[in-house]
There are 4 protein chains.
Amino acid sequence: MATGAGGPRGRGRPRTPGAEDKILAAALEEYGEHGWSGFTMDAVARRAGVGKSTVYLRWHDKDALLTEAVTRHGIELTTVDTGTLRGDLLALAGNLLRHFHSPAGWATIRVTFDVASAHERLGGFSRAVSQVHGRQVELICQRAKDRGEMDPGIWPGVVTEAIYGAAMINSLSERLEGREDDEAYLDERAAWLVDLVLLDITR
Amino acid sequence: MATGAGGPRGRGRPRTPGAEDKILAAALEEYGEHGWSGFTMDAVARRAGVGKSTVYLRWHDKDALLTEAVTRHGIELTTVDTGTLRGDLLALAGNLLRHFHSPAGWATIRVTFDVASAHERLGGFSRAVSQVHGRQVELICQRAKDRGEMDPGIWPGVVTEAIYGAAMINSLSERLEGREDDEAYLDERAAWLVDLVLLDITR
Amino acid sequence: MATGAGGPRGRGRPRTPGAEDKILAAALEEYGEHGWSGFTMDAVARRAGVGKSTVYLRWHDKDALLTEAVTRHGIELTTVDTGTLRGDLLALAGNLLRHFHSPAGWATIRVTFDVASAHERLGGFSRAVSQVHGRQVELICQRAKDRGEMDPGIWPGVVTEAIYGAAMINSLSERLEGREDDEAYLDERAAWLVDLVLLDITR
Amino acid sequence: MATGAGGPRGRGRPRTPGAEDKILAAALEEYGEHGWSGFTMDAVARRAGVGKSTVYLRWHDKDALLTEAVTRHGIELTTVDTGTLRGDLLALAGNLLRHFHSPAGWATIRVTFDVASAHERLGGFSRAVSQVHGRQVELICQRAKDRGEMDPGIWPGVVTEAIYGAAMINSLSERLEGREDDEAYLDERAAWLVDLVLLDITR
DNA sequence: CGATAAGCGAGACGGTACGTCACGTCTTGGC
DNA sequence: GCCAAGACGTGACGTACCGTCTCGCTTATCG
């Protein structure tokens, strides 16, 4: 992961400010267009208009770059406090479905699976994904529990797995079948999904 | 995909019968051990004890080999007729969870996601996955409908997506957290999942 | 080298009579067109209209085939008894120049040089070339000595080397310069060459 | 042929200075030890201690590398001004005989013949050989003509062909017969050859 | 005549080298 | 000391050819 800003302000030329964002964006675009094979560091550097050394100065290798590129965009997921559990979950599920249907969101999924396959280096990324994504659901559940909408004994992971799993499989099957994006359909699926989850946790 | 059997019985030396299976098995093992990067055709050929030409004679490139290796093993999933919808779904969910936790099953997922990302060549594979996996659920649902256990108006795709999505996300989260396999836990999850689905389709 | 005819007349199907000549001819043509690199056994077999096994049944490997193809054609060189040393040498030199300018003759030279570079297996070929070519000159010289035209003390090798070396370098330089074949020029060169040799051996 | 030195001084890392010489030397050694077959680019790169990309960056393919390797060493032939035509020719003939008996010189011959067979790409190499080798003889002849030792009407090519052809055939026949190198014999042959040429051009 | 044997065209086989390409590192001059 | 450019050593890619092998077939001799 890139060395965060700040630091003791070294002596030489400072790192070009916009470089990191340009590179991360280029990485995501390349990954989206060409997939893992066909995703080359040279192409990323060329597309970002920087030299390879600038890339390798910030990320140790290909995996690290791609992982962070994907994490950054996956992290943008936010939730709103609508006042009801159903409203919160509806917003989350809708965002998630839309996210997974976007190139960046889809890339997130793929990288997550790749990372989950490599036992050695999953530390940072899995933690990031688990925490960032899981945290949102925990917040929602906590609010619901505070309001008395939800049994305090229920583990929020159940909700997380249900929503994320459904969104993932939905996105996958649509892609396999070549279906087109359809906002109304996504909303409908979100509603169906949330009601199912509510049914389950109040069962 | 390898040229199917049969044909007009060409004139030259026939292709070595066992070669394809050996190569596919070697491919799966290599993929399981080393992941996509680190999966090399030379290693597959060496492990299978064949020359590279023998591999490339059957599969056009790395992707094609891996795709078929994974499809073959993903296709082995079968179901049993236990006499009840719940029993059928329990067997399916249990098999699926165990499958996705195995190296070959996990590889299936990864390759499926990769294939779903490449719009050009998903034809054969996505059809295979959709049909083979979807067909099992359709059979189960048809039997349930015949027995009057299930409302004929329900689209089996709902069941498929729920079970596969849950199995997938479950396998993913276990891997991300480094959890170990646990038969009892898998059975418990399967039961929980099936009951959720039943709750949904009888809602 | 191919097993000559005759033999005890085995039991199985006899070797197809014309095959050897077809293969040798095809080999020479391939060599002439594509050189050593680009000279492939598959192409030879295809051009000759036979299977590879038919080729390998007769020659142990590529070298052996090419060597014999070239030897066969190099061996066709014959001389005539014109009654005078100068006439005999003129005929020989003319034939030789023409031979080296033909594709087959040029191939002979190239293969000879290749063979001369491989110390292990030059046995058969070098003997063939030395004897076949050297023998002609020896015969001419013997007749000349018998007629009293030539000092018996002169080693015929001198004549051989002079004529063959000149013909070889002549052919080489013409090729390097892209000059076209020219019968009259060849005859002129032959005459000049022979007179030079005569000058030398009567010196 | 490798891009000559100089140039506009590009921006990236300069090509490693010694690499070309190391590679050319390694190529000659490999060729000398293993001949054309058995001459592999991997082995050349390994022996030179460089990567294959470094080789292919400079030479387009195997032929180009070998051709230049041989040209470089063939070009080293120089002559001395001994003050007499016979002395100059003796020195040249001696050098040439020794050159053709050395592995590098012999390789020059072989490659020259190969190049002379490929009509497409003989441009650079044949010109190099013709000019470099022919130029030496022209210089010798010019000096002889200036001194009045040689009829100005004689074309120096006659001398070139005679000396080079004799040296070539001599080296070839020695190799075919497996004769060992013998300095005294080479000098004797050189003297005999030069006297023959002198006899001819003063005839 | 049928059995036996070898040649034959076709082409798959295990290897190995080809020439290309990407990785991650290193080395310039310029900023 | 960061940067763009690009050469470097390494190693996998997918192709092509080597020399061997295994088919089904043909063409001979021998019993």
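All chains are named by letter (A, B, ...) in the order of the sequence lines, taking the proteins before the strands, and each is independently numbered beginning at 1.
In terms of heavy-atom proximity, C/R58 sits nearest to C/I23 at CD-CD1, 4.4 Å. Nearest heavy-atom pair across C/A19 and C/T54 is CB-CG2, 4.4 Å.
Partners of C/A45 according to the side chain to side chain contact (heavy atoms under 4.5 Å, CB included) rule, which considers only residues two or more places apart in sequence or in another chain, are C/V50, C/K52, C/V55. Not counting sequence neighbours, the partners of D/A25 by the side chain to side chain contact (heavy atoms under 4.5 Å, CB included) test are D/E29. Evaluation of the side chain to side chain contact (heavy atoms under 4.5 Å, CB included) rule for B/D21 yields B/R72 as partners, not counting sequence neighbours. By the side chain to side chain contact (heavy atoms under 4.5 Å, CB included) test, B/S53 is found to be paired with no residue, residues two or more places apart in sequence or in another chain being considered. Every residue two or more places apart in sequence or in another chain was checked for a salt bridge (charged side-chain N to carboxylate O under 4.0 Å, His left out) with D/R46, and none qualifies.
Place C/D61 and B/D61 on DNA chain F by their nearest nucleotides, and B/D61 ends up nearer the 5' end. Toward the 5′ end of DNA chain E lies the nearest nucleotide of B/K22, the other residue of the pair D/R13 and B/K22 mapping further downstream. Each of B/L57 and C/L57 was matched to the nucleotide of DNA chain E holding its nearest heavy atom; the match closer to the 5' end belongs to C/L57.
In this model, the phosphate group of E/dC13 is approached by a side-chain N or O of B/T16 to a distance below 4.0 Å at OP1 or OP2.
Spacing between atom CG of C/D63 and atom C1' of F/dC17 amounts to 14 Å, rounded to whole angstrom units. Atom NE2 of B/H60 and atom C1' of F/dT15 are 10 Å apart (whole Å). The distance from atom NE2 of B/H34 to atom P of F/dA12 is 11 Å, rounded to the nearest whole Å. Between the C1' atom of E/dG15 and the OH atom of B/Y56 lies a distance of 15 Å, rounded to the nearest Å. Rounded to a whole Å, the CZ atom of C/R11 is 7 Å from the P atom of E/dA6. If you measure from atom CH2 of A/W59 to atom P of E/dT25, you get 15 Å, rounded to the nearest angstrom. Taking atom CZ of D/R58 as the reference point, atom C1' of F/dG6 lies 12 Å away to the nearest angstrom. Rounded to an integer number of Å, the gap from NZ of C/K62 to P of F/dA16 is 15 Å.
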- [ ] Please report the C-alpha distance between A/W59 and A/M41 in whole Å, then the side-chain angles of each, then the deciding distance to 0.1 Å, and finally whether the side-chain contact (heavy atoms from CB on, under 4.5 Å) criterion is met.
- [x] CA-CA 11 Å; A/W59 295 276; A/M41 294 300 264; 5.8 Å; no

Open item on the list: side-chain contact (heavy atoms from CB on, under 4.5 Å), that's the test. Do C/E33 and C/F39 meet it? Break it down for me.
Closed with: CA-CA 8 Å; C/E33 290 178 11; C/F39 173 78; over 6 Å; no

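With the end axes of the helix from E/dC1-F/dG31 to E/dC31-F/dG1 each set by five pairs, the angle from one to the other reads 20° at 10° resolution.
DNA chain F is contacted by C/T40, C/M41, C/D42, C/K52 of residues 40-54 of chain C, taking any non-hydrogen atom closer than 4.0 Å.
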